[in-house]
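Only one structure is covered here, and it is reproduced in the block below.
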There are 2 protein chains.
Amino acid sequence: MTAGQSARARVRAALTREILQAARDELAEVGPSALSLRSVARRLGMVPSALYRYFPSRDALLTALILEAYEGVGAAAQAAVEEAAGSPLERWRALCRAVRSWGHLHPQQWALIYGSPVPGYAAPEATVRAALRITDAVTGILRDAPGARPPEVVAPPAPFPDAVVEPIRQALLPGRDTATVTAAVLAWTSLVGMVSLELFGHYKGGSTDFEALFGYAMDLAGRAAGLS
Amino acid sequence: MTAGQSARARVRAALTREILQAARDELAEVGPSALSLRSVARRLGMVPSALYRYFPSRDALLTALILEAYEGVGAAAQAAVEEAAGSPLERWRALCRAVRSWGHLHPQQWALIYGSPVPGYAAPEATVRAALRITDAVTGILRDAPGARPPEVVAPPAPFPDAVVEPIRQALLPGRDTATVTAAVLAWTSLVGMVSLELFGHYKGGSTDFEALFGYAMDLAGRAAGLS
DNA sequence: GTCTATAACAAGATAGAC
DNA sequence: GTCTATCTTGTTATAGAC
């Protein structure tokens, strides 16, 4: 990729990286909707209009950051799957850990892609494609395990100490056992998570009838908590 | 509540409501971080400094909007549970539907409470308490069903037509059955939903060891998709 | 006492001429 | 790429109306 580039092209690429780095810093400080080309330029000791040579608009800069973020989680997820030895379940666990710690390392970039949509910004098609990388990593685990099928009976994971959910138990479900409290937390998580992802546009084109999918997921979460 | 109030107090309350309404409109148009006291004042034909009689700062206005939003989802959830006749599972379903449609009606207010945190805004303790209303509605269903316990075997919900997940199947899991595709979608949803809620501060104080809870949930989602 | 309006401040953003 | 004139922001001090 780098070979054969002219000197000018290399300088340009380097400066582009510098601009993106400064933009990332700005993003972390003021958030996506306050990100301005000017402040990025100031940070670099450049004049605002010079940035327009590299990014034609604020939205283009934002798009670059979004692509970078999707690339980041996607790469982390994919690398985790590839490095993880062992069973498909082990690989899935590794993916989850990797994605979570990427989020902890880059909270603003996480918010950029999975948080509220930036007002006034219309995501170009390229971001939709970039978003596929992580879902591809997830489903890749399943593709590599062609025999895997959802079981009739899901084996419950290894339980954790009761103390883990103690604050919630005391506040909301006194006297209930840890399994019940945990299932309630997960049900609430599914509900909020699913509505958020829907409203923030992450199921676009994924389902022909999101309501059916939503109903199914909520039913499952409710039954898992012991409701009938 | 209204009785016994002086005329002045009533006027004050009315104007406070008007300001909040204008702020809500502004929020819907420009988003939380671009919400400005001046534009709210302009919308009302008032002068900016006059607003300070009602809200001591921009952040106070934002806090009021956040409280209102939590109150809104919470009330919708609670009302749905109370109105729904039938089994605990029916009441849970009603709650989910109510929460989702509240989100569809008020996407900006949803983003305000469950989306990215507003940069530079520190949530006061009152918002934490207000957030409890919806979790209380969720757990209330369980408290009213004291016998409910997570089953060893979760009865799968009624399936939906294969066409519902057709786009995802074609893009990511060609040839797999609907149950597998659905479980994969739900696993991805759990992952992103859980990390988002954690990073956005919604598990604060809920668990002593979030990592254990996260591992448990991801394990469950993976197993449900047939991984082992 | 309670309110609103005027004016001002330091930031920062924006537009355009050069 | 530079400079300037004009805009907006949150916030406060002050003065006057009811």
Side-chain angles (χ1 to χ4, degrees), chain A residues 8 11-12 14-16 18-20 22-65 108 116 118-122, chain B residues 1-68 108 112 116-124 127:
Chain A
R8 218 211 297 280
V11 169
R12 187 182 168 83
L15 191 43
T16 305
E18 261 190 79
I19 295 171
L20 279 173
R24 237 173 286 131
D25 296 345
E26 263 296 294
L27 181 70
E29 282 176 27
V30 300
S33 51
L35 183 75
S36 76
L37 272 180
R38 290 188 99 88
S39 53
V40 174
R42 209 176 314 127
R43 195 178 274 269
L44 287 164
M46 293 173 75
V47 91
S49 52
L51 284 194
Y52 283 86
R53 293 242 162 226
Y54 298 85
F55 296 96
S57 67
R58 191 202 81 127
D59 280 11
L61 184 55
L62 211 52
T63 299
L65 289 175
Q108 294 287 341
S116 331
V118 183
Y121 171 82
Chain B
M1 271 269 224
T2 318
Q5 275 187 331
S6 70
R8 220 203 309 268
R10 277 199 310 276
V11 169
R12 186 181 168 81
L15 191 42
T16 305
R17 270 196 303 277
E18 261 190 82
I19 294 171
L20 279 173
Q21 177 60 50
R24 236 175 287 132
D25 295 346
E26 264 295 295
L27 180 69
E29 282 175 26
V30 299
S33 51
L35 182 75
S36 80
L37 270 182
R38 291 187 109 98
S39 55
V40 173
R42 215 174 309 128
R43 197 179 273 268
L44 288 163
M46 291 172 77
V47 89
S49 56
L51 287 193
Y52 281 81
R53 288 270 155 195
Y54 299 86
F55 298 95
S57 70
R58 192 203 84 123
D59 280 10
L61 183 56
L62 210 52
T63 299
L65 288 175
I66 291 173
L67 291 177
E68 225 187 29
Q108 293 288 341
L112 189 59
S116 332
V118 182
Y121 171 82
T127 61

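Letters A, B, ... mirror the listed sequences (proteins, then strands); counts begin at 1.
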Residue closer to the 5' end of DNA chain D, A:R38 versus A:A50 (nearest nucleotide): A:A50
Does a side-chain N or O from [X] land closer than 4.0 Å to OP1 or OP2 of [N], or not?
X     : N      : result
B:Y54 : C:dT4  : yes
B:R12 : C:dC3  : yes
B:Y52 : D:dT11 : yes
B:R42 : D:dT9  : yes
B:S36 : D:dT9  : yes

With a non-hydrogen cut-off below 4.0 angstrom, is [X] in contact with a base, only sugar-phosphate, or nothing?
X     : value
B:R58 : sugar-phosphate
A:L37 : nothing
B:S57 : sugar-phosphate

By nearest heavy atom, map A:A34 and B:P48 onto DNA chain C; which one lands nearer the 5' end?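 Closer to the 5' end of DNA chain C: B:P48.
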First of B:R8 and B:G45 reached from the 5' end of DNA chain C, by closest nucleotide: B:R8
Output, in order, the C-alpha distance, side-chain angles, deciding distance and verdict of side chain to side chain contact (heavy atoms under 4.5 Å, CB included) for A:D25 and A:V40. CA-CA 9 Å; A:D25 296 345; A:V40 174; over 6 Å; no
Nearest-neighbour nucleotide for the A:S49 side chain, D:dG1, C:dG1, C:dT4 considered: D:dG1
Is the count of non-hydrogen atoms from other residues, nucleotides or ligands lying under 6.0 Å from A:R53 atom CZ greater than 12? no
Nearest heavy-atom neighbours spanning A:R43 and A:A22: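 Looking at all heavy atoms of both residues, the closest pair is CD-O, 3.6 Å.
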